[in-house]
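Data first, discussion second: the structure below is written as structure tokens.
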Amino acid sequence: MANCKPQKKVLLLCGDYMEDYEAMVPFQALQAYGMAVDAVCPGKKAGDCCRTTVEDSGAYHGYQTYTEKPGHNFSLNATFDEVDFSKYDALVIPGGRAPEYLAMNESVLNCARQFSDSGKLIAAICHGPLILAAAGLLKGRKCTAYHALGPVLIDAGAHWIEPKTMMDCVSDGNLITGVIYKAHPGYIQLVVKALGGKISGSDKRILFLCGDFMEDYEVTVPLQSLQALGCHVDAVCPKKKAGDFCPTAVHDFEGDQTYTEKPGHNFILTASYEGLDAWSYDALVIPGGRSPEYLALDETVIALVRKFMQSKKPVASICHGQQILAAAGVLKGRKCTAYPAVKLNVVLGGATWLEPDPIDRCYTDENLVTGAAWPGHPQFVSQLMALLGIRVSF
């Protein structure tokens, strides 16, 4: 992680059918910055899972509201009934459908009230403020949320800030609120700064190499983690331009002999691939999923990867992303890990294979950071930060 010993401790309040990104992005980003994050759910214990939902714009299909699809299974790492709330510096509440029923749980409301009464930071996004409204904590407070919550939050006494964009956030004393997961860069940055964090070295430009059916977490978690630090991040895809989207894949481990795949969010690209000036970027990030299989056949992609590796600029690749590195011939003599099924590509590509045991382990070899799968994001992002000279200190 960014610091050897976590100096801040955050409680993530989870529930079944919370929004997928709104749980995992802050969970892994804050860990990457050196914080300890405990994810808990009433009625569940450490090691149990919460099901999540992928909530996306219905405009792609002509719908008047967002769509919902099954997301990843989110693993809890602490037990709600055993948590001492006084040991935490902040409470973070994801949105999705979970807050609807968590707002009726008295133990959840007492948890929120304890954080409020002690003046500790509370951050809630999307439908998360429903819990704060039910706990009576929004009277006279400025807040925003998913726009459909406006009437109920006004009735709860909040000073409602109507969102102008889906990226809006509002800070009022110890309360931070955001509209939806698109607000994560500003939302998470506000959390870090409210906890006394100082970000240095973040004047970096980072390029993400995207493709259709890249893994959902493996693009958005590192991308928003870096944006929250203040980095300029561009996401591009061959044959696509800024504003186009790539469909993503939710890869999960559900007891089968290999991972399962479900449709993920539609990921919006921020820049056009054609005419890209690779030399203007300080680092390259390659998500996994299924896109590397065909991106590895694109000569322009191969040339791009070779440029970064030959220039010794940081390259961070995760999961199946190493298929592209192998095809580009840049792994000869390097040390590298990947998703275990990609070991053949890595070894035949001339690299020394590093076993990903446990699966969240990542490695740095000179300018190259590699990881096996999305559970390794805290290490993956932290090791890339170290290569870029980015630091979060408290």
> Are the ring centres of W374 and H72 closer than 6.0 Å?
Replying inline: yes
> Is the gap between the ring centers of Y17 and Y101 under 6.0 Å?
Replying inline: no
> Are the charged groups of D212 and R290 less than 4.0 angstrom apart, N to O?
Replying inline: no
>> Salt bridge or not between E22 and K182? Use side-chain N to carboxylate O under 4.0 Å.
In response: no
> Taking all atoms of both residues into account, what is the closest heavy-atom pair of K313 and Y281, and its distance?
Replying inline: NZ-O, 2.7 Å
>> Tell me if the CZ atom of R113 is crowded by more than 12 foreign heavy atoms within 6.0 Å.
In response: yes
> Are T258 and D256 close enough, and set up right, to give a side-chain hydrogen bond (donor to acceptor under 3.5 Å, both in side chains), and what steps lead you there?
Replying inline: CA-CA 5 Å; T258 187; D256 301 298; over 6 Å; no
>> Applying side chain to side chain contact (heavy atoms under 4.5 Å, CB included), can you list everything that pairs with S291, at least two apart in sequence or on another chain?
In response: M214, Y294, L295
>> Ignoring hydrogens, what is the shortest heavy-atom contact between S225 and V381? Give both atom names and the distance.
In response: CB-CG1, 4.1 Å
> Yes or no on side-chain hydrogen bond (donor to acceptor under 3.5 Å, both in side chains) for H251 and E261, after CA distance, side-chain angles and deciding distance?
Replying inline: CA-CA 5 Å; H251 285 170; E261 180 172 303; 2.7 Å; yes
>> Centroid separation under 6.0 Å, is that true for the rings of Y339 and Y259?
In response: yes
>> Please determine whether the number of non-hydrogen atoms from other residues, nucleotides or ligands lying under 6.0 Å from atom CD of E106 exceeds 12.
In response: yes
>> Using only atom types and a distance under 3.5 Å, with no angle test, would you say the side chain of D89 pairs donor to acceptor with the backbone of K9?
In response: yes
> Hey, mind stepping through Q383 and T364 against side-chain hydrogen bond (donor to acceptor under 3.5 Å, both in side chains) and telling me if it holds?
Replying inline: CA-CA 7 Å; Q383 290 181 29; T364 297; 2.6 Å; yes
> Would Y66 and D56 satisfy side-chain hydrogen bond (donor to acceptor under 3.5 Å, both in side chains), going step by step from the backbone distance to the final call?
Replying inline: CA-CA 5 Å; Y66 55 85; D56 217 343; over 6 Å; no
> Taking T337 for the side chain and A372 for the main chain, is one N or O donor matched with an acceptor at less than 3.5 Å?
Replying inline: no
> Could you go step by step and tell me if C111 and L91 meet the side-chain contact (heavy atoms from CB on, under 4.5 Å) rule?
Replying inline: CA-CA 9 Å; C111 168; L91 174 67; 4.2 Å; yes
>> Please check this pair: side chain of K262 against backbone of G71, looking for a donor-acceptor N/O pair closer than 3.5 Å.
In response: yes
> Do T300 and D298 meet the criterion of a side-chain donor-acceptor pair at a distance under 3.5 Å?
Replying inline: yes
> Hey, are T165 and D168 close enough side-chain-wise for a donor-acceptor pair under 3.5 Å?
Replying inline: yes
> Do R334 and D365 sit within salt-bridge range, that is, some charged N less than 4.0 Å from a carboxylate O?
Replying inline: yes
> Do you see a donor-acceptor pair shorter than 3.5 Å between the side chains of N345 and Q322?
Replying inline: no
> Would you say V347 and L344 are hydrophobically clustered, going by side-chain heavy atoms of ILVMFWY under 4.5 Å?
Replying inline: no
> Distance from F74 atom CZ to C41 atom SG, nearest 0.5 Å?
Replying inline: 10.5 Å
> So Y146 and H127, would you call those rings parallel, tilted or perpendicular, with 30° and 60° as cut-offs?
Replying inline: parallel
>> For K335 and W353: C-alpha separation, side-chain torsions, deciding distance, then whether side-chain contact (heavy atoms from CB on, under 4.5 Å) applies.
In response: CA-CA 6 Å; K335 297 175 182 177; W353 172 254; over 6 Å; no
> Is a side-chain N or O of T177 found less than 3.5 angstrom from the main chain of A124, in a donor-acceptor match?
Replying inline: no
>> Is it the case that the side chain of S311 and the backbone of F308 share a donor-acceptor pair, with hydrogens and angles ignored and the cut-off at 3.5 Å?
In response: yes
>> How long is the straight-line distance from CG of D81 back to NZ of K45, given to the nearest 0.5 Å?
In response: 11.0 Å
>> Which heavy atom of N77 sits nearest to which heavy atom of A39, and what is that distance?
In response: OD1-N, 2.6 Å
> Given F208 and D234, is the side-chain contact (heavy atoms from CB on, under 4.5 Å) satisfied, shown in steps?
Replying inline: CA-CA 6 Å; F208 273 65; D234 279 334; over 6 Å; no
> What distance do T220 atom OG1 and H377 atom NE2 have between them, rounded to the nearest 0.5 Å?
Replying inline: 9.0 Å
>> Is the distance from the ring center of H265 to that of Y181 below 6.0 Å?
In response: yes
> Would you call R97 and E55 a salt bridge, taking side-chain N to carboxylate O under 4.0 Å as the test?
Replying inline: no
